[in-house]
Amino acid sequence: MAAIAAMEGMQRNAPETVAHLTGGEYFPFSNAHNLEKSLLTISNHIPNRYVLSFQPGLHIRAST
């Protein structure tokens, strides 16, 4: 059932469907008011987001 819903969503609005399937948000910019409202929402979200990263490096073992 979920696969059928996803396929139907992709035919209607692929960017919105991908955003929701991946845990993201979708903001339509259909007019100036929606654009301003969406940009305000996005700017409020930015300080509350973070990025996890990993960089492999040299492993220094403590001597025992």
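Values in this document were obtained by computation on a predicted structure and should not be read as measured data.
- Checked against side-chain hydrogen bond (donor to acceptor under 3.5 Å, both in side chains), E16 has the following partners two or more places apart in sequence or in another chain: N13.
- Hydrophobic cluster membership differs between F29 and Y26, with clusters built from Ile, Leu, Val, Met, Phe, Trp and Tyr side chains linked at under 4.5 angstrom.
- A donor and an acceptor atom, one from each side chain of S38 and N34, are nowhere located under 3.5 Å apart.
- Around NE2 of H45, the count of heavy atoms belonging to other residues, nucleotides or ligands within 6.0 Å exceeds 12.
- Applying the side-chain hydrogen bond (donor to acceptor under 3.5 Å, both in side chains) test to S43 and every residue at least two apart in sequence or in another chain returns nothing.
- At a threshold of 4.5 Å between side-chain heavy atoms, the hydrophobic network of Ile, Leu, Val, Met, Phe, Trp and Tyr places I46 and L39 in one connected group.
- One finds the OG1 atom of T41 at 10.5 Å from the CD atom of E36 (value rounded to the nearest 0.5 Å).
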